[in-house]
Amino acid sequence: MKKRIIYMVLLLAFPLVVYADSVSLECPDEVEPNSEFDCEIIGNSDNKITDVDLLVTTSGNITFLSFRAASKWQGDGANGKITLYSDSNFTGEFKIGTLKLKALEDETNTVTIEQGSFFENRKQITLNPVSEIVRVKKEEVVTSDTNPKDTTNDNKTNNQNTDNKNDDDNQTVDVSSNNLIDIVIENYAIEFDTTVNEYNLTIGDEDSLVINPILEDNRSTVEVLGNENLKDGSVISVVVTDTDGGTNTYTISIKKEAHKGKNKYSLIFAIIIGVLVIINVVRIVANSSKKKENGES
């Protein structure tokens with residue numbers, strides 16, 4: 001009886017921690033317009049997790065920039081498709097990685113983990129979707145304080161000054177930027193640098209690529225040229241045009257790998273033929289030895 005009482009007291013003093021398999025997002029509640037911000041992805045599990053698959057989507061005017069895996073995780077997170085693995089076993093609460101996002105305009109937005117799975121020794125554990133709301137602050141309109149004059153003698157002068165200002169305003173055009181902040185390519189990654197316009201990329205047998213250029217200014221337009229019937233030596237051009245018609249061109253020179261699959265199957269076929277030849281040679285030698293032992297010529 002005393003042992004039971006002691007056990008119950010210990011349970012009350014030190015409650016057991018039970019983790020459910022889940023994933024959560026930690027984003028700032030409010031961010032500045034046209035600013036970059038981070039969202040942390042946190043996992044919870046009572047199993048020993050070695051692999052993670054997630055699909056992150058954004059709504060409104062939030063743009064996905066990049067993903068950085070947490071310590072001891074390896075893998076990729078291009079374009080929100082996060083696939084990670086680790087030699088360690090993660091149990092309880094653990095950090096998965098950090099999303100780098102950009103808020104473009106004043107609007108309420110959501111960041112969502114639309115699909116997710118944990119893996120323990122290849123056993124898949126499906127996770128529930130989770131969303132985080134991120135609000136973008138309103139841009140403050142800066143106006144100059146003017147004290148109106150009650151005199152009427154300066155009306156003509158004021159009107160002339162206003163006309164001059166209007167003329168100056170009509171001559172000033174707000175031109176958008178024709179730069180990119182990143183080029184996201186499905187299944188491939190390039191080390192993008194805002195000061196570099198020429199890139200090299202080695203691909204497999206694809207005839208075309210899924211390319212998502214990220215604009216510095218969403219008022220500009222972007223066009224991807226040469227992304228069909230890709231061959232070794234093909235050049236893809238990503239042309240950004242600003243509101244004044246000025247263009248900025250980024251090029252991606254394509255190099256195609258040798259057909260690894262075909263080479264692999266050719267090698268396997270050659271090995272099989274070689275083994276069959278060796279077996280036949282051994283058989284012939286064995287039969288010859290038996291004939292000699294039996295006195296046959």
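Scope of the values below: all heavy atoms of this structure, side chains included, with no hydrogens, waters or symmetry mates. Numbers here simply count residues along the sequence, with the first being 1.
- Between Glu30 and Arg135 there is no salt bridge, since no side-chain N of the basic residue sits under 4.0 Å from a carboxylate O of the acidic one.
- Checked by atom type, the side-chain pair Thr202/Glu257 shows no donor-acceptor distance below 3.5 Å.
- The main-chain N or O of Gly246 is never found under 3.5 Å from a side-chain atom of Asp244 such that the two would form a donor-acceptor pair.
- Here side-chain hydrogen bond (donor to acceptor under 3.5 Å, both in side chains) pairs that include residues 208-220, with residues two or more places apart or in two chains, are Glu105-Asn218, Asp174-Arg219, Ser176-Ser220, Ser177-Glu216, Asp217-Arg219.
- Checking each of Thr249, Thr251, Asn248 against Asn197 for a side chain to side chain donor-acceptor pair (under 3.5 Å) leaves exactly one that passes, namely Asn248.
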Would you please test Glu36 and Lys102 for salt bridge (charged side-chain N to carboxylate O under 4.0 Å, His left out) and show each step?
CA-CA 4 Å; Glu36 296 180 6; Lys102 183 174 182 179; 5.6 Å; no
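- Side chain of Tyr250 to main chain of Leu180: a donor-acceptor pair is present (N/O by atom type, distance under 3.5 Å, no hydrogens or angles).
- A donor-acceptor contact closer than 3.5 angstrom links the side chains of Asp21 and Ser45.
- A salt bridge does not link Asp205 with Lys256: every distance from a Lys NZ or Arg NE/NH1/NH2 to an Asp or Glu carboxylate oxygen is 4.0 Å or more.
- Atom CG of Asn280 has more than 12 heavy atoms from other residues, nucleotides or ligands within 6.0 Å.
- In this structure, Glu186 pairs ionically with Lys81, as a charged nitrogen and a carboxylate oxygen lie closer than 4.0 Å.
- At distances below 3.5 Å, not a single donor-acceptor pair connects side-chain atoms of Thr112 with backbone N or O atoms of Glu114.
- The aromatic ring centres of Phe90 and Phe118 sit 6.0 Å or more apart.
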